[in-house]
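To keep things clear, I will list the structure first and then write my remarks on it.
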Amino acid sequence: MTKRMPVVLISGASSGIGNACATFLAKKGYRVYGAVRDPEIYERNADEFFSLVKMDVTDEDSVRRAVQELLDKEGRINALVCCAGVCLAGSAEDSSIADYREQMETDFLGTVRLVRACLPVMRSQGYGRIISFGALESRYGMPFHPAFAAAKAATEAFSLSMRMELKPFGVDACVISPIDIRTGFTASRRMVAAWTAASPYNAYGSAALDKKKIDERRGLDPIKTARLVRKLIAARTTRPRYIIGNQFRRFPMGRAWSTATGLAEFFACRYYGLKNRLGKRGNDAH
């Protein structure tokens, strides 16, 4: 009997990690459906052999239609890879409620919508693998990316919680926490409207952001993330979280953040050139 290749749905397949995963898995023979907002105007590269499906993760009806379209063609979903995301940069004060909402709608709630649309069929099948993308920055914070870090932290907590609920149904969930992957994500980062030259955060915030961009451009080739995704889809079981990227170069404490939060903050501030302006008395009243 011929082994059927897994059917994989990948959101955010038009660029970045999502595109790398969709392209790589399709070349390996997987039946890949890459979700993009506008397939009619999407310009494909010559090596993109995955099928396109129209989906806007911020629109629940769009998500449901796309999942149903896939099921009508394939009758199953073996794996879901949630890569769709945006990145808004700006200080916590300069970022508006609308900015926070946009970030959460795409990265966190977009993942939730997609997972909820796929879970019924996965439970019915008795198998399925859900791979979500967080960010290592969500574990220790990232200066001038508060909305992004918060959305990724919510995504990771959602995945880790869901993982425990799904075990009795044969469905497995895990999260990948990348840092500094070399993609078009750097160029697509958007500044919040209120971050202008007049912002009190502009001078040293811009310097920190420039350092972040350099790290991303020198970052890990996204194909290595795609290889990890393939490994996780094929594995019998997964661990809750996987970290990929060059985190040790930037933060000497590595994976020990949960027990060394203060040290993590110290190293992060030192790395980005942010000085602690508070004295020993901190915010005590004078």
Side-chain angles (χ1 to χ4, degrees), residues 10-24 34 36-37 42-45 47-48 57 81-92 94-95 99-100 102-108 110-111 132-153 155-156 176-197 199 201-229 243-251 268 271-274:
I10 301 177
S11 66
S14 61
S15 62
I17 291 175
N19 182 265
C21 290
T23 302
F24 178 74
V36 300
R37 285 193 176 191
Y42 176 65
E43 296 183 5
R44 308 193 68 172
N45 295 320
D47 62 345
E48 292 180 2
V57 297
V81 185
C82 302
C83 298
V86 298
C87 183
L88 300 180
S91 71
D94 288 331
S95 301
D99 292 325
Y100 286 106
E102 178 184 354
Q103 187 79 69
M104 296 295 285
E105 280 286 348
T106 302
D107 291 65
F108 172 53
T111 296
S132 303
F133 272 84
L136 192 59
E137 289 92 342
S138 70
R139 303 183 69 188
Y140 55 77
M142 179 164 59
F144 307 104
H145 292 77
F148 176 79
K152 290 303 185 181
T155 300
E156 294 202 6
I176 297 175
S177 302
I179 184 170
D180 295 344
I181 308 299
R182 191 173 68 249
T183 68
F185 192 73
T186 303
S188 65
R189 176 185 278 107
R190 300 203 329 264
M191 307 301 298
V192 300
W195 191 348
T196 66
S199 170
Y201 302 92
N202 181 65
Y204 69 101
S206 296
L209 183 57
D210 287 342
K211 194 168 186 64
K212 174 66 175 171
K213 291 178 180 178
I214 291 172
D215 287 337
E216 290 171 344
R217 293 186 181 113
R218 295 175 178 173
L220 200 69
D221 190 319
I223 193 64
K224 295 185 178 180
T225 308
R227 288 175 181 149
L228 173 59
V229 168
I243 296 173
I244 186 168
N246 301 319
Q247 75 274 15
F248 294 111
R249 182 187 73 242
R250 191 195 310 179
F251 300 105
Y271 185 83
Y272 286 112
L274 308 178

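All heavy atoms count here, side chains included; hydrogens, waters and symmetry mates do not.
For Ser199, the side chain to side chain contact (heavy atoms under 4.5 Å, CB included) partners are Asp94, Trp195, Tyr201, Asn202, not counting sequence neighbours. Listed by chain and number, the residues in a salt bridge (Lys or Arg N to Asp or Glu O under 4.0 Å) with Arg217 amount to none (sequence neighbours excluded).
In terms of heavy atoms, Ala89 sits closest to Arg189 at CB-CD, 3.8 Å. Annotation for Ser14 and Tyr42: closest pair O-OH, 3.4 Å, computed over non-hydrogen atoms.
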Enumerate donor-acceptor pairs with a distance under 3.5 Å from any side-chain N or O in residues 221-229 to protein atoms, sequence neighbours excluded.
unit_1, atom_1, unit_2, atom_2, d
Asp221, OD1, Ile223, N, 2.9

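When side chains are defined from C-beta on, Leu220 does not count as touching Asp180, because their heavy atoms never get closer than 4.5 Å. Between Pro146 and Tyr100 there is a side-chain heavy-atom pair separated by less than 4.5 Å. Counting heavy atoms from C-beta outward, His145 and Leu209 have side chains that approach closer than 4.5 Å. The shortest distance between side-chain heavy atoms of Lys152 and Asp107 falls below 4.5 Å.
Asp215 CG to Thr186 OG1: the interatomic distance, rounded to the nearest 0.5 Å, is 9.5 Å. Put simply, CD1 on Ile176 and CZ on Phe133 are 3.5 Å apart, with the number rounded to the nearest 0.5 Å. In this structure, the separation between CZ on Phe144 and OG on Ser95 is 10.5 Å, given to the nearest 0.5 Å. Arg190 contributes atom CZ, which lies 13.0 Å from atom CZ of Phe148 (distance to the nearest 0.5 angstrom).
A donor-acceptor pair is defined here as one N or O able to donate and one able to accept, closer than 3.5 Å; such a pair exists between the side chain of Gln103 and the backbone of Leu88. Side chain of Ser11 to backbone of Ala84: a donor-acceptor contact under 3.5 angstrom is found. The backbone N or O of Thr183 sits nowhere less than 3.5 Å from a side-chain atom of Glu216 that would complete a donor-acceptor pair.
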